[in-house]
Amino acid sequence: MPSPNIWHHTATYELENRAVDPDGRLEASMESVLDGPGWAGRAVLDLGCGTGFHLPRFATTAASVTGVEPHPDLVALARRRCRALANVSVLQGTAQAIPLPDASVDVAHARWAYFFGPGCEPGLAELERVVRRGGTAFVIDNDATRSTFGGWFRRGYPHLPAPEVVERFWSTRGWTRVPVDIRWSFSTRADLESVVRIELTREVADAVLAEHEGTEVDYAVNLWWKGF
């Protein structure tokens with residue numbers, strides 16, 4: 001299943017990645033869960049890595065970083081981004097068929113990629129296979145119950161499972177939710193508008209942009225994690 005935002009609007013999605021969480025709250029929340037100094041010295045897997053935006057950050061301290069991405073054009077961009085990083089590799093593959101050996105990962109990271117609740121069971125089975133004992137998996141997704149962007153998300157995707165259904169899906173499978181308040185912060189209004197238009201339908205984007213001023217948006221997310 002394609003991801004129309006990044007697959008079709010790669011440059012605009014890069015703007016979005018740069019604007020998300022300038023305060024580093026997601027990273028701090030993940031590090032607070034891990035036993036030790038973040039991913040230092042660990043084997044890190046970024047599932048659905050896209051153009052590899054997060055790979056260099058992981059690579060600063062991780063022993064090894066593997067990005068897995070299904071879209072061949074994005075794989076090529078991620079490889080180009082990380083070509084000078086000896087501890088990074090990028091593989092074409094999917095979350096439901098991860099191209100890695102059993103028990104080879106210490107930290108798995110998936111940010112707005114594949115793991116959206118009901119229907120992602122094949123990917124969860126693969127995490128069980130590739131994450132070694134003592135490892136941790138993180139899944140980052142929208143919290144549609146609150147924040148300005150949460151309201152936009154509900155308006156833009158009314159067909160998706162209700163938040164309580166998604167929360168029950170994760171919690172009954174042994175995952176723990178950490179609510180995190182982040183923000184989008186753009187350099188220009190034009191950048192914000194371009195990102196909103198790749199994330200929402202034209203009608204919803206027009207409506208929310210008419211209601212919202214400035215270059216920042218408060219944004220609530222759920223950080224789901226599980227130890228293995």
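Cluster membership check: Val131 does not share its hydrophobic cluster with Val33, using side-chain heavy-atom separations under 4.5 Å among Ile, Leu, Val, Met, Phe, Trp and Tyr. Leu209 and Val204 fall within the same hydrophobic cluster, defined by Ile, Leu, Val, Met, Phe, Trp and Tyr side-chain heavy atoms under 4.5 Å apart, directly or through other members. In the hydrophobic clustering of ILVMFWY residues, with side-chain heavy atoms under 4.5 Å counting as a link, Val139 and Tyr219 come out apart. By the criterion of side-chain heavy atoms lying less than 4.5 angstrom apart, applied directly or through intervening Ile, Leu, Val, Met, Phe, Trp or Tyr residues, Val44 is grouped together with Val88 in one hydrophobic cluster. Transitive grouping of hydrophobic side chains (ILVMFWY, heavy atoms separated by less than 4.5 Å) keeps Val90 and Val130 in distinct clusters.
Looking at Arg189 and Glu193, a side-chain N of the basic residue comes within less than 4.0 Å of a carboxylate O on the acidic one, giving a salt bridge. Between Asp21 and Arg183 no salt bridge is recorded (no basic side-chain N to carboxylate O distance below 4.0 Å). Remark: Asp181 engages Arg146 in a salt bridge, criterion side-chain N to carboxylate O under 4.0 Å.
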Test log, rule side chain to side chain contact (heavy atoms under 4.5 Å, CB included), inputs Ile182 and Leu26: CA-CA 8 Å; Ile182 63 172; Leu26 275 169; 4.1 Å; yes

Asn5 vs Trp112, side chain to side chain contact (heavy atoms under 4.5 Å, CB included): CA-CA, chis, key distance, verdict: CA-CA 11 Å; Asn5 48 13; Trp112 293 297; over 6 Å; no

Side chain to side chain contact (heavy atoms under 4.5 Å, CB included) between Leu124 and Phe169, intermediate numbers included: CA-CA 12 Å; Leu124 294 179; Phe169 173 88; 3.8 Å; yes

Candidate pair Ser194 and Leu15, rule side chain to side chain contact (heavy atoms under 4.5 Å, CB included), full reasoning: CA-CA 9 Å; Ser194 67; Leu15 290 175; 4.0 Å; yes

Candidate pair Arg79 and Glu69, rule salt bridge (charged side-chain N to carboxylate O under 4.0 Å, His left out), full reasoning: CA-CA 11 Å; Arg79 287 174 175 166; Glu69 167 59 42; over 6 Å; no

Candidate pair Lys226 and Glu128, rule salt bridge (charged side-chain N to carboxylate O under 4.0 Å, His left out), full reasoning: CA-CA 10 Å; Lys226 184 177 181 180; Glu128 294 280 352; 3.0 Å; yes

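Here the straight-line distance linking atom CD of Glu121 with atom CD of Glu126 works out to 13.5 Å at 0.5 Å rounding. Atom CG of residue Asp191 and atom OG1 of residue Thr12 lie 8.5 Å apart, to the nearest 0.5 angstrom. Atom CH2 of Trp225 sits about 4.5 Å away from atom OG1 of Thr176, to the nearest 0.5 Å. In this structure, Arg177 CZ and Leu223 CG are separated by 10.5 Å, a value rounded to the nearest 0.5 Å. Put simply, CG on Leu127 and OG1 on Thr136 are 11.5 Å apart, with the number rounded to the nearest 0.5 Å. Tyr13 OH to Phe53 CZ: the interatomic distance, rounded to the nearest 0.5 Å, is 10.0 Å.
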For residues 148-156, dump all side-chain donor-acceptor pairs below 3.5 Å to protein atoms at least two apart in sequence or in another chain.
unit_1	atom_1	unit_2	atom_2	d
Thr148	OG1	Asp218	OD1	2.5
Thr148	OG1	Asp218	OD2	3.4
Arg154	NH1	Ala144	O	2.3
Arg155	NH1	Glu211	OE1	3.0
Arg155	NH2	Glu211	OE2	3.2

Can you give each donor-acceptor pair under 3.5 Å made by side-chain atoms of residues 57-68, sequence neighbours left out, with the distance rounded to 0.1 Å?
unit_1	atom_1	unit_2	atom_2	d
Arg57	NE	Glu27	OE1	3.1
Arg57	NE	Glu27	OE2	3.2
Arg57	NH2	Glu27	OE2	2.5
Thr60	OG1	Arg57	O	2.7

Which pairs of donor and acceptor atoms, one on a side chain in residues 92-109, lie under 3.5 Å apart (sequence neighbours left out)?
unit_1	atom_1	unit_2	atom_2	d
Gln92	NE2	Pro70	O	3.3
Thr94	OG1	Ala97	N	3.2
Asp102	OD1	Arg129	NH1	2.8
Ser104	OG	Pro101	O	2.7
Asp106	OD1	Arg132	NH1	2.8
Asp106	OD2	Ala43	N	2.8
Asp106	OD2	Arg132	NH1	3.1
His109	ND1	Asp46	OD1	2.8
His109	NE2	Arg111	NE	3.2
His109	NE2	Arg111	NH2	3.4

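Considering every non-hydrogen atom in both Arg25 and Val180, the closest pair reads CB-CG1, 3.9 Å. Heavy-atom minimum distance, Thr51 versus Arg81: O-NE, 2.9 Å. Here the closest non-hydrogen pair linking Thr10 and Trp7 is OG1-O, 4.1 Å. The two atoms that bring Phe115 and Gly123 nearest to each other are CE2-C, 3.5 Å, heavy atoms only. Scanning both residues, Ala78 and Gly52, for their nearest heavy atoms gives CB-N, 3.6 Å.
In summary, of the residues considered (Phe116, Trp175, Phe138), a ring-ring contact (aromatic ring centres under 6.0 Å, His included) with Trp170 occurs for Trp175 alone.
Enclosure of atom CD in Glu213 is not indicated, since only 12 or fewer non-hydrogen atoms of other residues, nucleotides or ligands lie within 6.0 angstrom.
Between the side chain of Ser3 and the main chain of Ile6, no donor-acceptor pair closer than 3.5 Å is present. Without hydrogens or angle criteria, Arg83 side chain to Arg80 main chain gives a donor-acceptor distance under 3.5 Å. Under the 3.5 Å distance criterion, the side-chain polar atoms of Glu199 are left unmatched by any main-chain donor or acceptor of Arg197.
Side chains of Leu55 and Cys49 form a contact here, defined as non-hydrogen atoms less than 4.5 Å apart. With contacts defined as side-chain heavy-atom distances shorter than 4.5 Å, the pair Trp39/Leu34 qualifies. Contact of the Glu16 side chain with the Trp184 side chain is registered, since non-hydrogen atoms from C-beta on lie closer than 4.5 Å. Side-chain contact between Ser185 and Thr215 is absent, with no heavy-atom pair separated by less than 4.5 Å. Side-chain contact between Pro122 and Tyr114: present, with at least one pair of heavy atoms (C-beta onward) separated by less than 4.5 Å.
The closest side-chain donor-acceptor pair between Asp143 and Thr145 falls under 3.5 angstrom.
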